[in-house]
Structures are given as C-alpha cells and as structure tokens.
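Working notes for the structure below.
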Amino acid sequence: MHRSELTVDLGAVRRNVRTLLHALAGAELWAVVKGDAYGHGAVDVAGAALDEGAGTLCVATVPEALELRAEFPSARILVMGPVSSSREVVQAREALLELVVADGEIPAGIKVHLKLDTGMGRWGLSELPAPPAEVVGLMSHLATADSDPGFAQEQVERFREETEAYPRLIRHIANSAAALRLPSSRFDAARCGIALYGLSPFGEDPSADGLEPALSWRSHLAQVKRLEAGESAGYGRRFVAERPTWIGIVPVGYADGFRRGLTGSELRVAGGRRRVAGPGSRDAFGGELELGEPVCTPVTILGHGVLAEDHARVAGTINYELVCGINSSPLRARRVVVDA
C-alpha cells in the first residue's frame, strides 16, 4: 500500500475552463501552468485546457516552456518570468516561445510582451516605451484583485490609459480573481491559474464561483492507539488528551507537503470529519478518532468536501502554497490522473 495517493481529475479542469470562458465573455483564456501546474501536472493540465479552448499556455521559465513545447508543438506558450541567460534566449527563439520583457533590451527574432508595473511593485516597466515590431502584447499584474477591488480597478485604469494607443497589440492584465469578478480587467485575454484547478482565489468555498477542485489527496490509518487522559501525541507534547482519546496515525508528514501548521484542521476519516492532532512530523501526523477505527481506514486529506481553503485558513497561508507544496514524487506518493 502506498503512503498516500494523489488524484488529478482532468474532467474538473475541463469544467473549470468552461466556467472561466463563460465568465470572460469573449476574452481569451490563457492557462497558467507554471510550477508543474501548481502541483497538478503541467502536461496533463495543459492538454485538457487546450482541448477546452484555452488560447495560450503561461509558464515561469524557459525550461518549463520547453517541456510543454515537446508535447504541444503548435501551442502558443508565453514565458512570464525573466530569462536568465543568452542560451535561454536562443532556446526560446528556436522553440518559437514568446517572452515577457520587464526591463532591459528586447531580444530580436522573438515575439515579446512588454510588462508594465501598474502597482504590483515587482517585475515591470515604470513607463511604457513605443513598442517595436517584436512586441505582440502588453501586460501588467494585479496586486489585489482577490482582496481590494478598488486598488485593482486603479491598476486597470492606469493600464488602459497606457496601452490604449496600441489597439493592434493583445492586452492582458486579469488573473483568476479579476477574470471572475472584475469585468473591466478582461481586455483581450486573462491569465488564469488558481481557478483553473478549482481553487478559490478569494479563500472561499470554490463552488461560490462555480469552480470544482481537481486535486484529491488520500492516505490511510497506519496505526491506531488509545491515549489516556494526560498522555500526549507528537513532538513537544502540543497535543495532550483531556480524556481517553483514540488517535489514528497517518503516514504523511511535512516531507509530503502536510504542514505542521495544520494542527486542528479537519480531515475525513472513513465518512466522518476528524481533527488533526499534532503537530505533524516529517513522515506522519495524528488524527483524533471518535472510536477505534481499524488500521487501513481511508483518510481524505483533500477532496470530497475537505477544502484546501479551509486547511490554508488554519495554517495561516493560502491555498496556492498548500497545493504547490505537495510532494508528488513516486518515492512519496502514488499519482493517478483521471478524466471524468
């Protein structure tokens, strides 16, 4: 038996693509599949997204783009991060990739998108130059579309003013949050990542925006024991039983991406909700049980109503970080891809 199993449902990805395309009302959907598609598998997700109508694949690095080019020879692929060497520029040119330029020289012989900093305070030009022939797109990056729509709207208006003189170029600034709830940001295309995977950019239940989580993570009870009142579980004795308590040990820990900060979050053991009793260790964590469920009882860490957004709230982080941190190495977990 594997220590845990990760299931990626490409059917859910497809339905999320359709939801986003409907929200975009004619603007193109560009699928952000950087970071191995937020841990979901870049090649698998890219194929599903393209099948359903995504117009472009967006990644962070040239090596990520080259992996996709080998699988999708005719797809439009945009590298959004900085290019680290002249060798990568050559590779990008040969692979017909498109690059983002946020400062410095514009490379010859490659389609380029100029990035304007409208308020993110990260990559981006402070002023937009007259675009030379290599430039095919103009873009920016919203800082608060998920938390402060007022400031996001200010960024949108600045972007509109700076780019309206170049109607022949494709313009894109919207992320998932803006695509879903800020219509003025949609322009010609929206770069959507987190919503593609059925995760809420607002930290809410994804179903509020018609999204369906694509990732499930399951394990099992590897050992079951009863603690008497005053006995503890885990490092530091941070969990001490106040009364006789059954504890189930799950063979998943922070080496697998199950963070120590998830103590007190809820899982599904068999059919019931149970709390994490922790903190977890590198290779295991404990969960409170109502009864002494048997060894091998299924444990759902994500999926079937156990939301990454709820875990993130307990851990004081965001759903992006949790799913990107899951270790999908075959040495740690079995990975299954379905297309239901």
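What you see is a predicted model; the values in this text were computed from it and never measured.
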Main-chain N/O of G271 paired to R268 side chain as donor or acceptor, under 3.5 Å: yes
Is the CH2 atom of W246 crowded by more than 12 outside heavy atoms at less than 6.0 Å? yes
Has R69 got a side-chain atom pairing as donor or acceptor with A95's backbone, closer than 3.5 angstrom? yes
For side-chain contact (heavy atoms from CB on, under 4.5 Å), just list the numbers for R76 and V136, CA-CA rounded to whole Å, side-chain angles, deciding distance to a tenth of an Å, and then say yes or no. CA-CA 12 Å; R76 185 178 198 176; V136 296; 4.0 Å; yes
From Y38 atom OH to N319 atom CG, the distance as rounded to the nearest 0.5 Å: 10.0 Å
Give the C-alpha distance, both sets of side-chain angles, the deciding distance and a yes or no for side-chain contact (heavy atoms from CB on, under 4.5 Å) between E71 and L68. CA-CA 5 Å; E71 297 289 334; L68 293 174; 5.8 Å; no
Which heavy atom of P251 sits nearest a heavy atom of R3, and at what distance? O-NH2, 2.9 Å
Could you tell me if the side chain of R259 sits less than 4.5 Å from the side chain of T317, heavy atoms only? yes
How long is the span from the CD atom in E98 to the CD atom in E134, to the nearest 0.5 Å? 12.5 Å
For T7 and S216, test the side chains for any donor-to-acceptor distance below 3.5 angstrom and give the result as yes or no. no
Can you check whether E242's main-chain N or O pairs, donor with acceptor, with T245's side chain at less than 3.5 Å? no
Counting C-beta onward and ignoring hydrogens, is there a side-chain heavy-atom pair between V59 and L78 closer than 4.5 Å? no
In this structure, would Y254 and I249 fall into the same cluster of hydrophobic residues linked by side-chain contacts under 4.5 Å? no
Hey, do the aromatic rings of F187 and F159 have their centres closer than 6.0 Å? yes
Is H141 close to D117 at the side-chain level, that is, under 4.5 Å between some pair of heavy atoms? no
Taking P201's backbone N and O only, do any of them form a donor-acceptor pair with S176's side chain (distance below 3.5 Å, no angle check)? no
Would you call R275-E266 a salt bridge at under 4.0 Å N-O? no
Taking C-beta and beyond as the side chain, do T118 and M120 meet within less than 4.5 Å on heavy atoms? no
What's the spacing between I110 CD1 and E94 CD if we round to 0.5 Å? 10.0 Å
Are the side chain of E231 and the backbone N or O of L227 linked by a donor-acceptor pair below 3.5 Å? no
Nearest heavy-atom approach of P244 to R226 is CB-NH2, 3.3 Å
Assess, by modelled atom type and distance only, whether the side chains of R171 and T163 contain a donor and an acceptor separated by less than 3.5 Å. yes
For W217 and V306, run side-chain contact (heavy atoms from CB on, under 4.5 Å): C-alpha distance rounded to whole Å, both residues' side-chain angles, the deciding distance at 0.1 Å, then the answer. CA-CA 10 Å; W217 189 12; V306 182; over 6 Å; no
Quick check: are there more than 12 heavy atoms from other residues, nucleotides or ligands sitting under 6.0 Å from CD of E228? yes
Quick check: are there more than 12 heavy atoms from other residues, nucleotides or ligands sitting under 6.0 Å from CZ of R282? no
With heavy-atom distances below 4.5 Å as the criterion, would you say the side chains of V299 and T297 are in contact? no
Has E204 got more than 12 heavy atoms of other residues, nucleotides or ligands less than 6.0 Å from its CD? yes
Could you walk me through whether E288 and F239 satisfy the side-chain contact (heavy atoms from CB on, under 4.5 Å) test, starting with their C-alpha distance in whole Å, then the side-chain angles of each, then the deciding distance to 0.1 Å, before giving a yes or no? CA-CA 10 Å; E288 291 185 59; F239 177 82; 3.6 Å; yes
Answer with yes or no whether the side chains of R237 and S232 bring together a donor and an acceptor at under 3.5 Å. yes
Where the side chain of T61 meets the backbone of E64, is there a donor-acceptor pair that is under 3.5 Å apart? yes
Would you name the heavy atoms of A229 and R243 that are closest together and state the gap between them? CB-CA, 3.9 Å
Output, in order, the C-alpha distance, side-chain angles, deciding distance and verdict of side chain to side chain donor-acceptor pair (under 3.5 Å) for R218 and H304. CA-CA 10 Å; R218 299 180 183 87; H304 295 278; 2.5 Å; yes
Any link between L125 and V101 through a network of hydrophobic side chains (Ile, Leu, Val, Met, Phe, Trp, Tyr) touching at under 4.5 Å? yes
With hydrophobic residues grouped by side-chain heavy-atom distances under 4.5 Å, do Y320 and L302 end up in a single group? yes
Flag the pair V135 / I106 as yes when at least one side-chain heavy-atom distance between them is below 4.5 Å, and no otherwise. yes
Could you check whether R15 pairs with D9 (Lys NZ or Arg NE/NH1/NH2 to Asp/Glu carboxylate O, under 4.0 Å)? yes
Can you find a pair of side-chain heavy atoms, one from F285 and one from V276, that are under 4.5 Å apart? yes
Could you check whether any side-chain N or O of R186 sits under 3.5 Å from a backbone N or O of A23, counting only pairs where one atom can act as donor and the other as acceptor? yes
Please give me the minimum heavy-atom distance between I301 and L267, naming the atom from each residue. CA-CD2, 3.9 Å
With no hydrogens and no angle check, is any side-chain donor or acceptor of D209 less than 3.5 Å from a backbone partner on L211? no
For Y235, look at atom OH and say whether over 12 heavy atoms of other residues, nucleotides or ligands are found less than 6.0 Å away. no
Mind checking whether L182 and F202 sit in one hydrophobic cluster, side chains of I, L, V, M, F, W, Y counted as touching below 4.5 Å? no
Heavy-atom side-chain proximity of V156 to R160 below 4.5 angstrom: yes
Under a 4.0 Å N-O cut-off, is there an ion pair linking R181 with D146? no
When you measure from the side chain of Q155 to the backbone of A143, do you find a donor-acceptor pair of N or O atoms at a distance under 3.5 Å? yes
Nearest non-hydrogen partners of S184 and Q153, listed with the distance: OG-OE1, 2.7 Å
Value for CG (D256) from CG (L6), rounded to nearest 0.5 Å, stands at 9.0 Å
Tightest non-hydrogen contact, residues F72 and G47, listed as CZ-N, 3.5 Å
Please check this pair: side chain of D148 against backbone of T144, looking for a donor-acceptor N/O pair closer than 3.5 Å. no
Working to the nearest 0.5 Å, report the span between CD1 of I247 and CZ of R274. 11.5 Å
V13, V323: one ILVMFWY side-chain cluster at the under-4.5 Å cut-off? yes
Worked verdict on R158 versus E161 for salt bridge (charged side-chain N to carboxylate O under 4.0 Å, His left out): CA-CA 5 Å; R158 182 184 174 196; E161 292 169 4; over 6 Å; no
For the pair R14 and D51, find out whether any cationic side-chain nitrogen is under 4.0 Å from an anionic carboxylate oxygen. yes
Rounded to the nearest 0.5 Å, how far does CG of L221 lie from SG of C296? 8.5 Å
Show your working on salt bridge (charged side-chain N to carboxylate O under 4.0 Å, His left out) between K115 and D103 and close with a plain yes or no. CA-CA 8 Å; K115 186 169 188 178; D103 59 20; over 6 Å; no
Sub-6.0 Å ring centroid separation between W30 and H172: yes
Carboxylate-amine/guanidinium contact D283 R332, below 4.0 Å: yes
